[in-house]
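Since this is a predicted model, take the numbers as computed values, not measurements.
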Amino acid sequence: MKFDVLELVEAKRQIDSTLHKLRQTVKTFEAKENANRYKSQITLAKRRIQAFELSVALIEREINEAEKKI
């Protein structure tokens, strides 16, 4: 499947926004008085962060490849 650069840039922007929110969520849960109670939510958020970071890296690679062709 091929995407143009504008689609890739917009996808990256949306993922970056979600990443920011997830990182804030992790901070909030970890700062709670009984953070152990939120262990599963923290783990889930951290795994999602890793997946989105991987996605961003792949999107950036695609953007760079597309820009080389221009």
Side-chain angles (χ1 to χ4, degrees):
M1 198 176 241
K2 290 288 181 182
F3 300 99
D4 66 36
V5 174
L6 293 176
E7 290 173 315
L8 293 169
V9 169
E10 179 59 21
K12 182 183 175 305
R13 189 179 75 79
Q14 293 298 323
I15 292 172
D16 285 339
S17 173
T18 303
L19 270 169
H20 174 74
K21 292 173 187 173
L22 280 168
R23 288 182 179 121
Q24 292 302 111
T25 298
V26 170
K27 286 181 186 177
T28 300
F29 280 135
E30 288 178 337
K32 295 222 179 246
E33 188 174 316
N34 190 2
N36 197 40
R37 178 178 178 196
Y38 303 98
K39 187 176 179 181
S40 62
Q41 288 93 337
I42 293 168
T43 300
L44 177 62
K46 286 181 177 181
R47 288 180 180 165
R48 286 179 175 166
I49 289 168
Q50 289 176 331
F52 280 126
E53 287 173 341
L54 182 113
S55 298
V56 167
L58 294 173
I59 290 170
E60 287 173 343
R61 185 173 73 184
E62 288 296 312
I63 292 170
N64 290 335
E65 289 297 315
E67 289 175 344
K68 286 180 186 177
K69 294 178 184 178
I70 296 175

Please find the pair of heavy atoms, one from Ile49 and one from Leu19, that lie closest to each other, and give the distance. O-CD2, 3.7 Å
Out of Thr43, Leu44, Ile42, which residue meets the side-chain contact (heavy atoms from CB on, under 4.5 Å) rule with Lys46? Ile42
Starting at CD1 of Ile59, measure out to CG of Asn64 and round the result to the nearest 0.5 Å. 12.0 Å
Step by step, would you call Glu60 with Val56 a side-chain contact (heavy atoms from CB on, under 4.5 Å)? CA-CA 6 Å; Glu60 287 173 343; Val56 167; 3.6 Å; yes
Same cluster for Phe3 and Val9 if Ile/Leu/Val/Met/Phe/Trp/Tyr side chains link at under 4.5 Å? yes
Can you establish whether the number of heavy atoms outside Arg23 located under 6.0 Å from its atom CZ is more than 12? yes
NZ of Lys39 to CZ of Phe29: how many Å apart, nearest 0.5 Å? 15.0 Å
Out of curiosity, does Ile15 fall in the hydrophobic cluster containing Val5 (side-chain heavy atoms, cut-off under 4.5 Å, transitive links)? yes
Backbone of Asp4 reached by a side-chain donor or acceptor of Glu7 within 3.5 Å: yes
Does Gln24 reach the side chain of Lys27, with side-chain heavy atoms less than 4.5 Å apart? yes
With rounding to the nearest 0.5 angstrom, report the CD to CG distance, Glu65 to Leu8. 11.5 Å
Picking from Lys12, His20, Gln14, what satisfies side chain to side chain donor-acceptor pair (under 3.5 Å) with Asp16? Lys12
